[in-house]
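Everything on this sheet refers to the single structure shown next.
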Amino acid sequence: MAELSLGDYARTLINDIQSQAEVEGGSIPETFTQWVLEQLEEAGFIANTTVTYHSEHGVMVYGFGVSEDRSVLDLYTTDFDLNPAIDKLTKSDVQQYYRRLLAFLRKAGRIRGNFDETNEVYQLCEGVEKAFAGASKVRLFLFSNRESTARGLPEPAEWQGVPVEHELWDLARLHRHQTSGSLGEPITVEFEPPLPCLFVPGTEANHSVTLTVVPGRLLAEWYDEYRTRLLELNVRAFLQTRGKVNRGIRQTLLNQPGCFLAYNNGITATASEAEFVEDSDGSPAAIRKLTGLQIVNGGQTTATLHHVFKRDRNELANVGVQMKLTLVRPSDLMEIVPLISAYSNTQNKVTLVDFSSNDKFHVDFERVSRSIWAPAVNRTGQETRWFYERARGQYAEEEAKHHTAAAKRKFRAIHPRAQKFAKSDLAKYVNSWNRLPHLVSRGAQKNFTEFRLRINDAPPVVDVTYCQRVIAMGILFKAVDAVAKEHEAGSHKALVTTYTMARLSKAVGQRIDLDRIWREQTVTEAVLEAASDLCPLVMAAVIQEGKHVTEWAKSSKCWDEVSDIHWEMPALLSAELLDRPVEFTVDTREEEAERLARLLEIEAEEWEALGEWARQTRGLELSEQQLATTIATKLATKGRITDAQVRQALEVYDRAIDVGFSPAAL
């Protein structure tokens, strides 16, 4: 990604946050907080976030988060300045923000008593208290659009026996994160003493392999510090974040730790750089430091080690884990890692589809959507484009390529900031339309993961029509969001929006004309009035006394309750609905290729024998007998076999096996 100067980045960030706050109707600091959290959640730094602001004497907090295993409590506070180039973030500023954040943790119980149970601050305090009760670590986050002049952060401390760490995301760090062009900040680990290894020089220019044994406790500590960031390129870790602790691995660690090295397959890792200790011949003999470390296979092993270390309080003495380390240039990661992950995984089948097909989806969506002109909707007659930001910072990068003020204005006129959307936005729009608001409510990363799983299962044909309809879902989502703001949904507006859109989609059977929304670049009055009529009913079901709203909204039971809301569809809306649900074509090419490959593995003689067996035993219908013979002939003559014939022939083959045909008897 082209480097964007810090000053340009600061100005772009302010414009983006101001525009977003205006569109969403939130305060600028809270909008900035939500924006940062989305970036960090996507990168795997944080999870399960809630944004709620509270301030009083000596106290200020903007929200909290809890790690997937409930062992880490995160507290967030924000500093946003409209003149970041003039006002730097000083050491005393940083310390004051952290003091106010820690003061909230100390006083949460008292603060909660000052509010009603349905109040957002009450639920903020209650959520923090519950999370702290099971936490083994607290992290205090300060987000700022100013550059910090502080050298270093406060030393780790403790409160009520729980370690307290500090995280600062200032302008410079956000800039590095946004313009890095990678998944996130590279993980760097050092070994003291250096880790003995066997180095195998690469025959290819872009990678070499090193074999070593890593202490189990060290792996557990890495995971404790870096969490899912360590596993970003791990196919299974990304697609199956709901995975449970492996009981077999756990039992070996607890009962036979000395055998773990022999029993376990170990981990496969990559790094972009390595520092070695060399032997007398000048060959690498031990690893001193790794930069850009990623575990691409063995995420379950790593997570289970961490579970045993933290939850079972086992020191993991005498536990060694074999590691195959491949040094890969950052530019080659996305090409090589899928192959390493697929070929090295022996526990469960992982195909290249798990990793690359979703990347292909987003590449295709970016390519097609960037070619589409949205109809002009104002008197200027200016057609515009919706800018799909497949990778972080693409919009700012493209804008920076226009060097004059006039050129930048022209770029923004064609690509309005309000029409910029990211992968997490796309997943939010589609899953809301597909009546999955409880998944959307679980946060950007989890919702995006669920979206990827569904795209894997039924990949759509990404053409012009598909892109236009997804953007239309986004227009509908934003319209419903404005309705939720009018009904004063407050900090729960995001939850109310996705639930209202999902309930509306269910009520109309997905028959809202998305093509019309695209042509008009807005929703009809009938849709707006229906959403406004439905929104208060949804709010009453989502925001309930005695229930923690953010946790309740993540539950499928919440969606069940919202689904059961009695609501009479207005006649005006009913009159403009389509006759049938909006349909999307599923891309079956990969599935068809897999079926054809399976069919070709069965020899022509076997198909002929199957047909003969069916005639003699009458085990199949006449049409099925004939199909088997036809396939045998086409294979023998290299004739074309249609997709329908492939599918039907495999069904016939499987049915024949079930009723007694035996290929082994040939």
Side-chain angles (χ1 to χ4, degrees), residues 235-236 239-240 265 297 338-361 363-365 368 434 450-466 510 580-666:
V235 174
R236 185 170 296 103
L239 293 183
Q240 297 181 358
N265 289 332
N297 184 47
L339 302 178
I340 295 174
S341 183
Y343 297 151
S344 67
N345 199 307
T346 58
Q347 296 174 11
N348 297 293
K349 180 183 178 183
V350 176
T351 68
L352 296 184
V353 177
D354 293 329
F355 197 98
S356 62
S357 69
N358 288 294
D359 291 338
K360 179 180 183 302
F361 167 83
V363 169
D364 288 347
F365 194 96
V368 176
N434 287 335
E450 295 288 350
F451 172 75
R452 289 188 68 178
L453 288 170
R454 284 164 172 76
I455 289 295
N456 269 348
D457 292 339
V461 174
V462 182
D463 54 12
V464 169
T465 298
Y466 178 81
Q510 294 184 313
R580 62 184 63 183
V582 177
E583 295 180 351
F584 296 92
T585 305
V586 175
D587 188 347
T588 60
R589 288 174 298 181
E590 190 158 347
E591 185 179 345
E592 290 165 357
E594 290 177 355
R595 284 198 294 261
L596 179 60
R598 183 190 166 203
L599 183 141
L600 295 176
E601 290 176 354
I602 305 170
E603 300 289 344
E605 292 79 4
E606 188 171 337
W607 285 105
E608 181 135 3
L610 191 157
E612 182 60 31
W613 169 86
R615 279 188 290 274
Q616 293 178 3
T617 63
R618 296 190 178 182
L620 298 175
E621 298 290 334
L622 178 60
S623 61
E624 295 172 330
Q625 299 172 21
Q626 293 173 345
L627 178 60
T629 302
T630 298
I631 296 298
T633 302
K634 286 182 177 290
L635 288 175
T637 60
K638 294 184 169 43
R640 180 178 177 272
I641 306 173
T642 67
D643 294 333
Q645 287 175 325
V646 171
R647 184 174 60 254
Q648 292 165 4
L650 290 175
E651 290 173 357
V652 167
Y653 183 86
D654 291 339
R655 190 177 304 114
I657 295 293
D658 289 341
V659 297
F661 174 66
S662 176
L666 297 177

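Just so you know, these numbers come straight off a predicted model, no measurement behind them. Positions are given from 1 along the sequence.
- Rounding to the nearest 0.5 Å places CH2 of W607 at 5.0 Å from CG of L599.
- Residues L620 and L610 meet the side-chain proximity criterion, which asks for heavy atoms closer than 4.5 Å.
- Counted within 6.0 Å of CD on Q645, heavy atoms from surrounding residues, nucleotides or ligands total more than 12; the atom is thus considered enclosed.
- Residue-environment remark: CD (E651) exceeds the threshold of 12 foreign heavy atoms within 6.0 Å.
- Closest approach of E608 to A632, counting heavy atoms only: N-CB, 3.7 Å.
- Taking both residues in full, the closest heavy atoms of P460 and I455 are given as CD-CD1, 3.6 Å, listed atom of the first, atom of the second, then distance.
- When all heavy atoms of Y466 and V461 are compared, the closest pair comes out as CB-O, 3.4 Å.
- What you find for A636 and A604 is that their closest heavy atoms are N-CB, 4.3 Å.
- The distance from the CZ atom of R647 to the OG1 atom of T642 is 8.5 Å, given to the nearest 0.5 Å.
- With rounding to the nearest 0.5 Å, the separation of NZ in K634 from CG in L627 is 10.0 Å.
- We find the CD-CH2 distance between E606 and W613 to be 12.0 Å, quoted to the nearest 0.5 Å.
- Using a 4.0 Å cut-off between charged nitrogen and carboxylate oxygen, E594 and R598 do not count as a salt-bridge pair.
- D643 CG to E592 CD: the interatomic distance, rounded to the nearest 0.5 Å, is 4.0 Å.
- The shortest non-hydrogen separation linking V462 to V368 is O-CG2, 3.7 Å.
- I631 contributes atom CD1, which lies 13.5 Å from atom OH of Y653 (distance to the nearest 0.5 angstrom).
- The pair R615-E612 counts as a salt bridge, with a side-chain nitrogen and a carboxylate oxygen less than 4.0 angstrom apart.
- The heavy-atom pair separating L635 from I602 by the smallest distance is CD1-O, 3.6 Å.
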